[in-house]
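This report concerns only the one structure given below.
Numbers here are sequence positions counted from 1. Numbering of ligands and ligand atoms starts at 1, following listing order. As the structure is a prediction and not an experimental result, all values here were calculated from the model.
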Amino acid sequence: MSDLPDDLSPDSLAVHAGRGDLRALGVHALPLDLSTTYPFASLDGAVASLDAMMAGDDPTEGGPVYSRLHSPTVARFESGLAALEGTERAVAFSSGMAAITAAVLAAREASASGENGTGKNHVVGVKPIYGTTDKLLSSGTLGLEVTWTDASGVRDAVREDTCLVCVETPVNPTLELVDLEDIVRQASGVPVMCDSTFATPVLQRPAAHGVAMVVHSGTKFIGGHGDVLAGVVACSREWAAKLREVRILTGANLHPMAAYMLHRGLPTLPLRVRRSQETATDLAARLLAHEAVSNVYHPSVPGRDPHGLVGRQMDGPGPMLSFEVAGFVEADRLMRALRVITPAVSLGSTDTLIQHPAGLTQRVASGEGGAITPGLLRLAVGLEDAEDLWRDLLRGLDG
Ligand SMILES: *Cc1c(COP(=O)(O)O)cnc(C)c1O
């Protein structure tokens, strides 16, 4: 990384980021190191390196020692992702939920004062939010107390003992955009974690708006091919040290093979995201005009970006959309009629997926459904031709 010119455009950065050591290694493609343990030349060196890593720093000349502490292949992907997010560091985890869990634990740890301070236990969550994040924060599994609010209520929800504000934008599955600078202002000094999975660093870089920890489910667009489970947090050097400590203690490491696959996909991430976004925008307009569709949720739809965040915070309306048909029966019938689009949860793959939030992904969320009605369907637009996708949707809408 250090050798790259610092005026590279994001697309060029996606191609080259995290590959700064390859020439010195004498290789062109990304190397994959599957070692779980590493030989050390001297005990002194290994001890020094171990101490550095336990404190959240990079390994020294003593080497990585053990791969739960450090993996060169994972670290290479992390530096690539950090470059795209414009952060000093990124820390990768075995899944998006492992990344979110680590972010919360790191925030609690960071809020601890004194020798045996236990840290603050209160979290503010901005709804709606990914169903499993909702469940994680509400369930008490992490020993937290959560106050749920909407994007305008953060200031009132923050307390003396709040260690973190959790927000997601674009919001799942209604694709509302949340003004991150406003959330950071309301949080008044309490760190903000933003789940930016739906935007990817191609369309949004939350750290530039004051967000402390930017979380992604790498399983989605960053992986991009539906074959890797992963998570990552992009952040400052200080936050990364805390997150690495949590990762060493909890062991939710990303496998080097997964890191290799994620890194291999970074060069095409901008192309994939923009192509899907273009198709999503096209389909949103066509769905809006169809008589069997009562609502379309996509920031490109008139009235769906009331704060004007496309252009200011997001570089485009994004590749995800939701739409509403009459009810559960119609939604079920539509999905059964499809021959190109696959009924499946998840998103960000090469192929288009459709799912039913009320029945599946938001099922575990607390509270009432709001816009998440029995007729709501979420479309994760892939890389197929827009006409083929539209003909497929018509099979379901007109059938
Ligand atoms: C999928 C997803 C997660 C969870 O990620 P996993 O990799 O499945 O653990 C979190 N947030 C959002 C917005 C997601 O789409």
Side-chain angles (χ1 to χ4, degrees), residues 74 77 81 85 90-105 123 125-139 141-142 164 166-178 180 192-204 206 211 213-234 243 246-247 250-255 258-259 261-262 265 269 273 276 280 297 299 314 318-322 344-349 352-357 360-365 372 378-382:
V74 174
F77 161 67
L81 199 276
E85 284 289 354
V91 185
F93 293 88
S94 53
S95 70
M97 289 317 302
I100 290 167
T101 301
V104 175
L105 295 177
V123 175
V126 180
K127 275 204 188 239
I129 201 161
Y130 183 70
T132 312
T133 306
D134 182 321
K135 180 81 176 175
L136 175 74
L137 298 179
S138 300
S139 65
T141 304
L142 299 177
L164 189 67
C166 299
V167 62
E168 181 175 304
T169 184
V171 163
N172 185 22
T174 51
L175 289 318
E176 287 147 50
L177 304 182
V178 177
L180 291 173
V192 174
M193 179 202 94
C194 173
D195 186 332
S196 194
T197 300
F198 278 24
T200 81
V202 177
L203 298 178
Q204 168 174 286
V211 166
M213 289 186 275
V214 182
V215 175
H216 291 281
S217 167
T219 313
K220 314 297 166 53
F221 292 99
I222 294 174
H225 297 76
D227 51 9
V228 192
L229 198 64
V232 65
V233 185
L243 288 161
V246 170
R247 188 175 61 181
T250 60
N253 298 65
L254 183 65
H255 191 274
M261 290 166 82
L262 294 168
L269 180 64
V273 169
S276 292
Y297 299 90
M314 288 266 287
M320 297 293 297
L321 73 91
S322 294
V345 299
S346 201
L347 55 125
S349 192
T352 301
L353 307 178
I354 194 165
Q355 67 107 354
H356 187 260
L360 299 165
T361 47
Q362 292 302 120
R363 197 183 178 80
V364 296
I372 304 157
R378 190 191 74 185
L379 198 63
V381 179

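Not a single heavy atom of T132 sits less than 4.0 Å from an atom of ligand 1. Taking a 4.0 Å cut-off on heavy atoms, A230 registers as neighbouring ligand 1.
Residue nearest to atom 11 (N) of ligand 1, selected from D195, T197, T169: D195 (by heavy-atom distance).
Set against the non-hydrogen atoms of G96, the atoms of ligand 1 under 4.0 Å away are 5 (O), 6 (P), 7 (O), 9 (O). Here is the list of ligand 1 atoms found below 4.0 Å of a heavy atom in T219: 6 (P), 7 (O). In the vicinity of M97, heavy-atom distances shorter than 4.0 Å reach the ligand 1 atoms 4 (C), 5 (O), 6 (P), 9 (O).
When hydrogens are left out, the protein atom nearest atom 4 (C) of ligand 1 is Y130 CE2, 3.4 Å; that is the closest non-hydrogen contact. Closest to atom 14 (C) of ligand 1 among all protein heavy atoms lies K220 NZ, 3.0 Å. Counting only heavy atoms of the protein, atom 5 (O) of ligand 1 lies nearest to S217 OG, 3.0 Å.
Inter-residue side-chain proximity for T169 and M314 is flagged as unmet; no heavy-atom pair is nearer than 4.5 Å. Taking the side chain as every heavy atom from C-beta outward, L142 and T101 approach each other to under 4.5 Å.
The residue N172 has no part lying near ligand 1, judged by heavy-atom distances below 4.0 Å.
Looking at T197, its side chain does come within 3.5 Å of a backbone N or O of S217 through a donor-acceptor pair. Here the side chain of S196 pairs no donor or acceptor atom with the backbone of V215 at under 3.5 angstrom.
Taking the salt bridge (Lys or Arg N to Asp or Glu O under 4.0 Å) definition, one finds that R247 meets it with E78, sequence neighbours left out.
Between A103 and M213, the closest heavy-atom pair is O-CE, 3.4 Å.
Here the options are T133, L137, D134, the test is side-chain contact (heavy atoms from CB on, under 4.5 Å), and the partner is C166; only L137 passes.
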